[in-house]
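Heads up, the thing below is written out as structure tokens.
Position 1 is the first residue of the sequence; numbering continues from there.
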Amino acid sequence: MDSTAWIIVSLIALFLLGQFAFLYRSKGMQGRIAPDMTDLLSDAQKAQPRLIFYFHSPRCGMCKQVWPILKPLMDERFDIIEVDVSKRPDVARRFKVMGTPTLMRVQEGRIEKVMMGAKDEKTIRDFVEAP
């Protein structure tokens with residue numbers, strides 16, 4: 001193979017490794033104690049045993065795919081907290097969010113499950129409405 005082919009293969013390999021790193025990191029967050037989030041929550045939300053955090057960015061194309069699915073759920077439920085990472089990068093750092101969109105389910109002070117990227121409506125609803 002010539003040098004151009006090696007460069008292309010190397011770039012593809014780096015891209016795939018980056019994707020696996022995101023997946024590995026999100027799986028590693030599950031089960032850990034959630035960071036302090038009192039500045040994000042209302043009194044009613046603080047009383048909830050389970051909360052869902054939606055990390056997004058206004059410039060994120062995948063976030064624009066997830067938003068029409070989450071918006072009706074956010075209107076009917078108050079346990080979903082929306083975090084714009086461009087306005088609140090400190091919160092994203094606290095939660096160690098690496099990319100958007102990220103949905104994070106926190107139950108009783110622990111990160112129970114993390115879902116990254118755009119998903120179909122059924123997957124998102126199942127994530128939000130899981131017992």
Nearest 0.5 Å, please: how far is CZ in Arg32 from CZ in Arg110?
10.5 Å
Given side chains that start at C-beta, do those of Val128 and Leu70 come closer than 4.5 Å, heavy atoms only?
yes
Give a yes or no on whether Phe78 and Met104 share a hydrophobic cluster (residues Ile, Leu, Val, Met, Phe, Trp, Tyr; joining criterion: side-chain heavy atoms under 4.5 Å apart).
no
Backbone of Phe127 reached by a side-chain donor or acceptor of Arg105 within 3.5 Å:
yes
Thr123 side-chain N/O to Lys119 backbone N/O, donor-acceptor pair under 3.5 Å:
no
Minimum-distance pair of heavy atoms, taken over all atoms of Met37 and Ala34:
CE-CB, 4.0 Å
Stepwise side-chain contact (heavy atoms from CB on, under 4.5 Å) test for Arg125 and Leu73
CA-CA 8 Å; Arg125 284 188 172 275; Leu73 291 171; 3.1 Å; yes
Is there a side-chain contact between Ile52 and Ile81 (heavy atoms, below 4.5 Å)?
no
Should Ile124 and Met115 count as side-chain neighbours, where that means a heavy-atom distance under 4.5 Å?
yes
What pair of heavy atoms forms the shortest contact from Cys63 to Cys60, and how long is it?
SG-SG, 2.7 Å
Using side-chain heavy atoms (C-beta onward) and a distance below 4.5 Å, is Val106 in contact with Arg50?
no
Counting heavy atoms not belonging to Leu11, are there more than 12 under 6.0 Å from its CG?
yes
First locate atom CG of Leu41, then atom NZ of Lys46, and finally report the distance between them rounded to the nearest 0.5 Å.
6.5 Å
Main-chain N/O of Val114 paired to Gln30 side chain as donor or acceptor, under 3.5 Å
yes
Could you tell me if the side chain of Phe53 sits less than 4.5 Å from the side chain of Leu40, heavy atoms only?
yes
Is any side-chain heavy atom of Tyr54 closer than 4.5 Å to one of Val66?
yes
Between Gln45 and Ile80, the two heavy atoms sitting closest are NE2-O, 4.3 Å
Salt-bridge criterion met for Asp39 and Arg88 (N-O under 4.0 Å):
yes
Closest non-hydrogen atom pair, Asp84 against Pro58
OD1-CD, 3.3 Å
Report whether Met98 and Met62 are members of the same hydrophobic cluster (ILVMFWY, side-chain heavy atoms less than 4.5 Å apart, transitive linking).
no
Lys/Arg N to Asp/Glu carboxylate O, Lys122 vs Asp120, below 4.0 Å:
no
Counting C-beta onward and ignoring hydrogens, is there a side-chain heavy-atom pair between Phe55 and Leu103 closer than 4.5 Å?
no
For the residue pair Trp67 and Pro101, establish whether any side-chain heavy-atom pair is separated by less than 4.5 Å.
no
Which heavy atom of Arg77 sits nearest a heavy atom of Asp79, and at what distance?
NH2-OD2, 2.8 Å
